[in-house]
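Scope of the values below: all heavy atoms of this structure, side chains included, with no hydrogens, waters or symmetry mates. Chain letters run A, B, ... following the sequence lines, proteins first and then strands; every chain starts at 1.
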Number of protein chains: 2
Amino acid sequence: MTDNPPMSSAGLRRDMEILEILAGHGDERDADGFGVSWIAQRLGREKSQVSRALRGLEIEGMVERDPLTRRYRLGWRLFALAARTEQSRLVRISAPYVRRLAAAFDEDAYLCVLRGNMVLTLLSVPSSRAYHRVWEGVSVPVIMAAAGRSLLAEWDEERVRELLGTILPAGLDGSVGGSDEWLKELDHVRTAGYAVSDVELDDSEAGVSAPVRDHRGLITAAISVSVTRAASLGRLHEIGVSVAETARELSCALGDGKSAWRRPD
Amino acid sequence: MTDNPPMSSAGLRRDMEILEILAGHGDERDADGFGVSWIAQRLGREKSQVSRALRGLEIEGMVERDPLTRRYRLGWRLFALAARTEQSRLVRISAPYVRRLAAAFDEDAYLCVLRGNMVLTLLSVPSSRAYHRVWEGVSVPVIMAAAGRSLLAEWDEERVRELLGTILPAGLDGSVGGSDEWLKELDHVRTAGYAVSDVELDDSEAGVSAPVRDHRGLITAAISVSVTRAASLGRLHEIGVSVAETARELSCALGDGKSAWRRPD
DNA sequence: AAAACATGGTGCAACTAGCGCAACACTAGT
DNA sequence: ACTAGTGTTGCGCTAGTTGCACCATGTTTT
């Protein structure tokens with residue numbers, strides 16, 4: 001039951017668990033936060049412990065408390081710190097490109113990076129139509145994300161299999177048609193410059209993605225468009241070419257580093 | 001030497017100090033992170049302490065380390081958590097409005113909130129011209145921020161004086177023409193709906209701001225435009241009216257809560 | 001109203017985990 | 001090799017965290 005030597009300190013771990021709880025699933029009505037007892041029960045920890053930890057986190061601004069309901073939410077400090085991350089810089093530069101993509105096809109567009117065997121969505125631009133759940137900050141297993149193929153496009157087949165092995169046994173098997181078929185798709189990214197996946201999360205019909213490279217040419221991110229409109233289904237190739245081109249432009253913008261960034265529109 | 005009763009635990013405090021160091025000033029070349037010894041010295045703590053703390057923070061994803069330079073930066077977890085904050089929701093809804101404002105006058109536009117006696121910038125949209133330093137996540141004393149007047153517009157004079165007292169003695173006196181003059185400006189916000197400040201941070205010539213209200217009509221944020229072009233100086237009133245109108249529209253959008261948000265453009 | 005049941009916070013002894021010192025690997029400059 | 005720097009680890013000692021109990025407020029029953 002005890003974890004391996006590479007383990008963070010007990011206090012930090014507890015705090016992180018609390019923050020993760022407060023992050024919630026995002027799509028629920030947990031917008032007004034959570035109470036101490038509920039968190040303690042969900043964590044299997046003492047109320048007192050959680051109460052004291054939350055007080056400390058509040059002082060530091062990591063969480064904030066509604067004065068009326070006495071419930072806790074994630075705090076402003078997280079926002080302030082996050083603005084200084086490398087991911088934030090990436091989003092800042094990419095946003096105009098991803099927005100342009102979303103506007104061009106009136107579909108949801110995303111910017112994602114690889115984190116372990118998960119795909120983390122950094123930016124999601126909804127289409128003009130329905131209200132869409134917030135995907136920013138959400139991690140999804142590589143096989144299930146539209147951007148997954150683009151992010152792993154240039155990995156060795158062996159390493160890809162290894163990575164897939166870490167999630168396939170525990171993951172669902174309905175939405176993934178075997179890892180062999182999945183691997184074959186990686187070739188398509190290398191040749192065509194974009195990937196098309198037919199089964200996706202949410203209510204989308206298909207996903208189109210393309211890799212984004214840093215100044216050294218390595219794939220560091222991916223942009224994707226999740227196709228939900230029936231009218232777009234016939235244009236998958238056209239969308240793919242557009243996504244790939246946008247990804248290429250974005251890669252150039254990232255390569256420039258600190259130079260002035262032009263709006264693409 | 002011992003701090004007051006309201007104090008977070010030692011471990012958490014240390015971790016927060018480290019994160020704050022890693023956040024840096026943003027405008028320097030600290031983009032490639034900081035080393036253990038440098039952080040330890042800057043904090044007046046033991047190297048070993050910092051080393052171990054950073055390892056824990058890295059495991060939790062709060063910081064990440066460049067494998068080559070072995071320097072630490074803020075991590076992806078902060079970004080993921082921040083996306084779930086209330087501030088993030090505010091930015092998501094406000095972004096189109098602030099962008100429209102920035103495009104209309106081709107000047108930098110901001111979204112700010114009040115945090116203690118500081119103004120925290122949540123969103124900064126640069127003009128099309130020069131490269132601009134990143135203001136997101138930066139806190140500035142109320143008197144020095146363009147949005148300060150708008151954020152305090154409907155406070156009791158007594159409470160405002162009290163708040164200003166907490167920073168004036170320690171603050172600079174060059175950029176603020178006395179608190180009396182400052183207070184008089186608050187009236188202007190209440191009547192005209194926007195504030196104009198002549199002296200600002202950075203290389204701007206003036207700042208125009210207007211208050212944003214939540215569904216209960218309380219001021220929860222402010223948007224502002226920092227005027228740097230000489231050509232805009234003669235249009236301060238015109239800009240003010242536009243900023244106030246945009247703030248009003250944004251307030252309505254926030255009031256709708258979860259309803260679908262239309263793009264203002 | 002009082003009872004019953006919540007939730008959030010506190011005092012205190014036992015104990016564990018973090019602290020600082022020092023010594024250790026490791027890379028890089030002269 | 002020497003020096004000088006960085007980052008990591010072992011270990012005794014101390015300080016901070018833990019968990020139990022109890023208490024202080026609200027909120028729902030009966």
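- Put simply, B:Ser37 has a side-chain N or O that comes within less than 4.0 Å of OP1 or OP2 on D:dG7.
- With the nearest nucleotide of DNA chain C identified for both B:Arg52 and A:Arg52, A:Arg52 has the one nearer the 5' end.
- Between the side chains of B:Asp214 and B:Thr220, no donor N or O sits under 3.5 Å from an acceptor N or O.
- The side chain of B:Arg55 places an N or O atom within less than 4.0 Å of a non-bridging phosphate oxygen (OP1 or OP2) of D:dT9.
- The distance between atom CZ of B:Arg65 and atom P of D:dG7, rounded to the nearest whole Å, is 7 Å.
- Of the candidates A:Thr121, A:Leu122, A:Val125, A:Thr121 is the only one forming a side chain to side chain contact (heavy atoms under 4.5 Å, CB included) with A:Tyr110.
- In this structure, A:Leu57 atom CG and C:dG9 atom P are separated by 13 Å, rounded to whole Å.
- Under 3.5 Å, the side chain of A:Arg70 and the base of C:dG9 form no donor-acceptor pair of N or O atoms.
- For A:Arg42, the CZ atom sits in a loose shell: 12 or fewer heavy atoms of surrounding residues, nucleotides or ligands are nearer than 6.0 Å.
- A sub-4.0 Å separation between OP1 or OP2 of D:dT8 and a side-chain N or O of B:Ser51 is present.
- In this structure, the CD1 atom of B:Ile59 is 12 Å from the P atom of D:dT8, given to the nearest Å.
- Of the candidate nucleotides C:dG9, D:dG16, C:dG18, C:dG18 has the atom nearest to the side chain of A:Ser9.
- The CG-C1' distance, from B:Leu68 to D:dG7, rounds to 16 Å in whole Å.
- Atom CD in B:Glu17 sits about 11 Å away from atom P in C:dC19, given to the nearest Å.
- Going from atom NZ of B:Lys47 over to atom P of C:dC21 covers 12 Å, rounded to whole Å.
- Here C:dA17 presents its C1' atom at 11 Å from CZ of B:Arg14, a figure rounded to the nearest Å.
- Distances from the side chain of A:Val36 to the nucleotides C:dG9, D:dG19, D:dT17 place C:dG9 closest.
- Judged by distance alone, the side chain of B:Ser251 and the main-chain N or O of B:Ala247 form a donor-acceptor pair under 3.5 Å.
- Side-chain atoms of A:Gln87 never come within 3.5 Å of backbone atoms of B:Phe79 as a donor-acceptor pair (strictly under, hydrogens ignored).
- Between A:Gln49 and D:dT17 there is no side-chain polar atom (N or O) within less than 4.0 angstrom of OP1 or OP2.
- Nucleotide C:dG9 holds its P atom 11 Å from the CD1 atom of A:Ile39, rounded to whole Å.
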